[in-house]
Peer 1: 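Encoded as structure tokens, here's the structure I'll be asking about.
As the structure is a computational prediction, the values presented were derived from the model and not from experiment.
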Amino acid sequence: LAQVLAEARASRTPGVATGVAALRPTTERRPPMAPAVAEPGAAHAEKRCPVSGKAGMCPIMARAMAANNESSTKAEADGKAEVPVARAPSQGEEIRAFIRAGTEHLLKGEDVKALKAFTKAVDADCGDEEAVCGKVAALRRLGRPRGALKACEAGLGKLPECPWLLTTRDELRAELAGDEEEEEQAQNAAASSSDGSPQNADVDAGGCPASRSQANARKEAEALRRKPRRSAALEAALTRLDTEESLPYRQAVKEELICFYRDFYARYSTKNVDTSQYSKEEKRGLSITDGHKHMPRPDNVEVPEDWQQPVGVLTPEELAKYNCNNKRLLLSVHGDIFDVTDRPDKYGPKGPYNSMTGHDITWALWSGYDDESEWDKYYDICQAKPREERDRRHQGLMSWWAFFEEEYGDPVGRLSVYEREWELPAPPAVKDLCTVM
């Protein structure tokens, strides 16, 4: 093991650089590749990374494999397995265990689990080279270059001469510099097209509030993915989502998405709703008659004295009293109650959305179906699977939350069901429909 470390540090061979490249994020998960089989007579077969299959070995994998080989050799020499001693593990042993677990998860492509294991090792000893390198590698594999750069720079504070961290830091800085330049060019292009150019025409053409303009939405969503997010770090540290421990993560991801769409709506506004981009299956989910189109605000609407006044925490039964036949009209989006009383043309007895008032419409916005049978269905959306679909539908739901806030002001209350959302059942699978109302 000492010889492997010495050679890796002293030579700084291309093999080390190849190991760094092997830990970059990829668009698809690769299963662990079997070690290359040496040709007959080849005494010194070229080593290959078990993750990428490329020639050379990164420091993390080299040490892990050397440690495994050393353990196997010792066990064979002894001729029998050692009898475990009943004693509490030392801090050093715990760190080694976390590093071994993290390395195994990396080899299997389980990047989130690897990040958790390496993070625990770094928390125990921020100067452990394997732990720091493993955390940086896991962050890169997860497509989080800013987090990787931060971890890399923190590690160099303790390990200023580590060649792998130095090389990786330079690569990450170059990668992020390119992203920032590309994002700045896109923003300049958006600003310069405000005089009726094709891009601005695309914005004016409409689209539902969940996407507004398809091109702008894709660009903004990609920008959101690249930004460092507190919720990602909180999720990586979680052991379970169905406990109160997940509350900080839930609050963080909701706040991030709402802030994103507030800014998005401020820059890309439209008063048209164009459903032409949806498939026949998606359009069948739109069952509300005379809905899904722009409706100008009516003049001289009489509202009750308690309009926009806080109502506190309501049960579903209490919320049901504020239906379309009540003077005050309330509805719930992901547990936050909005006062829509000033739009009787939409939510009053003769409005196209009259059945929504007095109900929670979260699941309808999540699933893409606007039928009355979808009201008041309560699920813990954070437990939706697969993760990619969960994130996409979560964005769509929060885009509607921001839309209601923009139209009707701050929420006036909370729905009791969502006060302990993690205790709700996981949602069922739904068809791949756009979250439109």
Peer 1: Who are the side chain to side chain donor-acceptor pair (under 3.5 Å) partners of Arg169, not counting sequence neighbours?
Peer 2: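 Arg169 satisfies side chain to side chain donor-acceptor pair (under 3.5 Å) with no residue once adjacent residues are dropped.
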Peer 1: Could you list the donor-acceptor pairs under 3.5 angstrom formed between side-chain atoms of residues 241-251 and any protein atom two or more places apart in sequence or on another chain?
Peer 2:
residue : atom : partner : partner atom : Å
Asp242  : OD1  : Arg240  : NE           : 3.0
Asp242  : OD1  : Arg240  : NH2          : 3.2
Asp242  : OD2  : Arg240  : NH2          : 2.7
Thr243  : OG1  : Glu245  : N            : 3.4
Glu245  : OE1  : Thr239  : OG1          : 3.1
Ser246  : OG   : Leu241  : O            : 3.0
Ser246  : OG   : Thr243  : O            : 2.7
Ser246  : OG   : Arg250  : NE           : 2.8
Arg250  : NH1  : Asp380  : OD1          : 2.6
Arg250  : NH2  : Leu241  : O            : 2.8
Arg250  : NH2  : Asp380  : OD1          : 3.4
Arg250  : NH2  : Asp380  : OD2          : 2.7

Peer 1: Would you check if there is a donor-acceptor pair between the side chains of Thr362 and Tyr418 at a distance under 3.5 Å?
Peer 2: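 Checked: Tyr418/Thr362 side chains pair up, N/O donor to acceptor below 3.5 Å.
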Peer 1: Say whether Trp401 and Asp336, considering side chains only, have a donor N or O and an acceptor N or O under 3.5 Å apart.
Peer 2: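 There is such a pair (donor and acceptor under 3.5 Å, judged by atom type) between the side chains of Trp401 and Asp336.
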Peer 1: Could you check Glu406, Glu405, Glu255 and say which one makes a salt bridge (Lys or Arg N to Asp or Glu O under 4.0 Å) with Arg262?
Peer 2: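 Among Glu406, Glu405, Glu255, the one that satisfies the salt bridge (Lys or Arg N to Asp or Glu O under 4.0 Å) with Arg262 is Glu405.
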Peer 1: Measure from the side-chain N and O atoms of Asn323 to the backbone N and O of Ala320, and report whether any donor-acceptor pair falls under 3.5 Å.
Peer 2: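 Answer holds: yes.
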Peer 1: Between Asp345 and Arg297 (salt bridge meaning N to carboxylate O under 4.0 Å), is one present in this structure?
Peer 2: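 Judged by the 4.0 Å cut-off on N to carboxylate O distance, Asp345 and Arg297 do not form a salt bridge.
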Peer 1: May I ask you to test the Pro427-Lys385 pair for a side-chain heavy-atom distance under 4.5 Å?
Peer 2: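 Contact flag for Pro427/Lys385 side chains = no.
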Peer 1: Looking at Arg140 and Glu175, does any basic side-chain N land under 4.0 Å from a carboxylate oxygen?
Peer 2: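 Between Glu175 and Arg140 there is a salt bridge, with a charged N closer than 4.0 Å to a carboxylate O.
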Peer 1: Please determine, by modelled atom types, if Glu421 and His334 share a side-chain donor-acceptor pair under 3.5 angstrom.
Peer 2: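 Yes.
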Peer 1: Does the pair Glu153/Lys150 count as a salt bridge with the N-to-O cut at 4.0 Å?
Peer 2: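 Lys150 and Glu153: not salt-bridged.
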Peer 1: What I want to find out is whether Glu93 reaches Arg96 closely enough, with some N-O distance under 4.0 Å, to be called a salt bridge.
Peer 2: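 Arg96 and Glu93: not salt-bridged.
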Peer 1: Over 60° means perpendicular and under 30° means parallel, so tell me whether Trp366 and Trp363 are parallel, tilted or perpendicular.
Peer 2: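 If you compare the ring of Trp366 with that of Trp363, the planes turn out parallel.
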